[in-house]
K.L.:
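Please read through the structure below; I'll follow up with questions.
Counting convention: from 1, in listed order, for ligands and their atoms alike. Values in this document were obtained by computation on a predicted structure and should not be read as measured data.
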Amino acid sequence: MNSINVGLLGIGTVGCGTWTVLSRNAAEITRRAGRPIRITAVADRDTARAQSIVGDAARVTADAFELVRDPSIDIIIELIGGYGIAKDLVLAAIENGKHVVTANKALLAVHGKEIFAAAQAKGVTVAFEAAVAGGIPIIKALREGLSANKIDWVAGIINGTTNFILSEMRDKGLPFAEVLAEAQRLGYAEADPTFDIEGIDAAHKATIMSAIAFGIPMQFDKAYIEGITRLEAIDIKYAEQLGYRIKLLGIAKRREHGIELRVHPTLIPSKRLIANVEGAMNAVLVQGDAVGATLYYGKGAGAEPTASAVIADLVDLTRLYSANAEHRVPHLAFQADQLVDLSILPIEEVQTAYYLRMRVEDKTGVLADITSILAEGNISIDAMLQKEPDEGESQTDIVLLTHVAIEGQVNAAIKRIETLGTVLGTVTKIRLEELN
Ligand code: HSE
């Protein structure tokens, strides 16, 4: 049978991994796909390096636009990243009737609506398993494996860099800045780690998962995003004493009148499997009404784990190559005319539990004042930790865990607590999810 010809845009870490795995496992992949899949052309700015990787097996060009117009190419793999030229190239590939495989989470989370509409109009598919959680087949699971379910929520550790940093902070009791510097020295964190540590990368991935889980358009601009830069080692320690670990979670949750879409540091019970996902590993927990909780775990980045997802998409596209467009699996799991415009709820309307830490004067009545403010705000306390003041100290830390409450009411109560003369400085608030 004729081979499927693939054009690869960008032969960096993941591109190189894709080339290697596709060559190494060619026989096995052909048996699965039903015909050979060959990368016949590569576009990369560094043509000499690209040529040294592919040898004579593929042609190399610096002109990616020439490649997306090449009539001999069936599928384009976009591994350039970002919203700039990658967007123009993906749209040009679609315009030229080519299927696209991309690992570009930023592009899909921000411009997904436009890209999927263009693909739909042209009858081609844009596949993106590699865009979320690297090698974990979470897109496939959400879009196909769980399609009997009404998905209640998705919560994931979907950024390896921040999970590595949080694991190190907990293990070694070190402050954020020190661990970040070490992670950069070891090459775990990018020279500019902003997208990772500020939660933006995780929010791109959570946005994509929310669209597939609930059949809504991508709405990255409505996501609430809080990274780990302000997290203090002391809170990791107190959380541990209370039976919790702090993870950066991407959460998409169905509520009656909308969807919660948020990324922030979150306390989760230490006994949950997902709380024990350490280092740069990723994991996604999905709660469906029929199946219950399901957990997906694996490497969220790296050359071959991400190539694994890219090639799975290539195999899917190859199998479906001759199927009519209307018989294909829809891009966002739901049929294109069945997407609903459920709004993303503002963070003030989010309902979750909270960890509150405050520095107080160790005086009679301090706790009573704090708890009565919480009670007036309808906020119920679940657990409490109070440290003995150190020798000669008149101040101490109080840590409170609340039951589920409305964020706006918690914020109002915190404001009132911060005005008490016996409470020093600001209250540290970290959201808490039982994930049960
Ligand atoms: N920078 C990401 C991470 C991997 O640290 O998980 C690519 O999405």
K.L.:
Provide the number and element of each atom of ligand 1 under 4.0 Å from a heavy atom of D201.
P.N.:
2 (C), 8 (O)
K.L.:
Any sub-3.5 Å donor-acceptor pair from T207's side-chain atoms to A203's backbone N or O?
P.N.:
yes
K.L.:
Describe, in one word, how the ring planes of H204 and F220 are oriented to each other, choosing from parallel (under 30°), tilted (30 to 60°) and perpendicular (over 60°).
P.N.:
tilted
K.L.:
Which atoms of ligand 1 are found less than 4.0 Å from any heavy atom of A301?
P.N.:
4 (C)
K.L.:
Do me a favour and list the nearest non-hydrogen protein atom to atom 1 (N) of ligand 1 with residue, atom name and distance?
P.N.:
D196 OD1, 2.9 Å
K.L.:
Using the side-chain contact (heavy atoms from CB on, under 4.5 Å) rule, pick out the option among V60, I76, T40, L89 that qualifies with L67.
P.N.:
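Going through the options one by one, the only one that passes is I76.
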K.L.:
Drop me the distance from N104's CG to T102's OG1, to the nearest 0.5 angstrom.
P.N.:
4.5 Å
K.L.:
Need the ligand 1 atom indices (1-based, order shown) with element for anything under 4.0 Å from a heavy-atom of K105.
P.N.:
7 (C), 8 (O)
K.L.:
Looking only at non-hydrogen atoms, find the nearest pair between A103 and A130 and report the distance.
P.N.:
CB-CB, 3.7 Å
K.L.:
In terms of residue, atom name and distance, what is the protein heavy atom nearest to atom 5 (O) of ligand 1?
P.N.:
T161 OG1, 2.5 Å
K.L.:
Using 0.5 Å steps for rounding, measure from the CZ atom of R170 to the CZ atom of R245.
P.N.:
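Separation between the atoms: 3.5 Å.
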K.L.:
Classify the contact between T162 and ligand 1 as side chain, backbone, both or neither, using a heavy-atom distance cut-off of under 4.0 Å.
P.N.:
neither
K.L.:
Hey, is ligand 1 close enough to G160 that some N/O pair sits below 3.5 Å?
P.N.:
yes
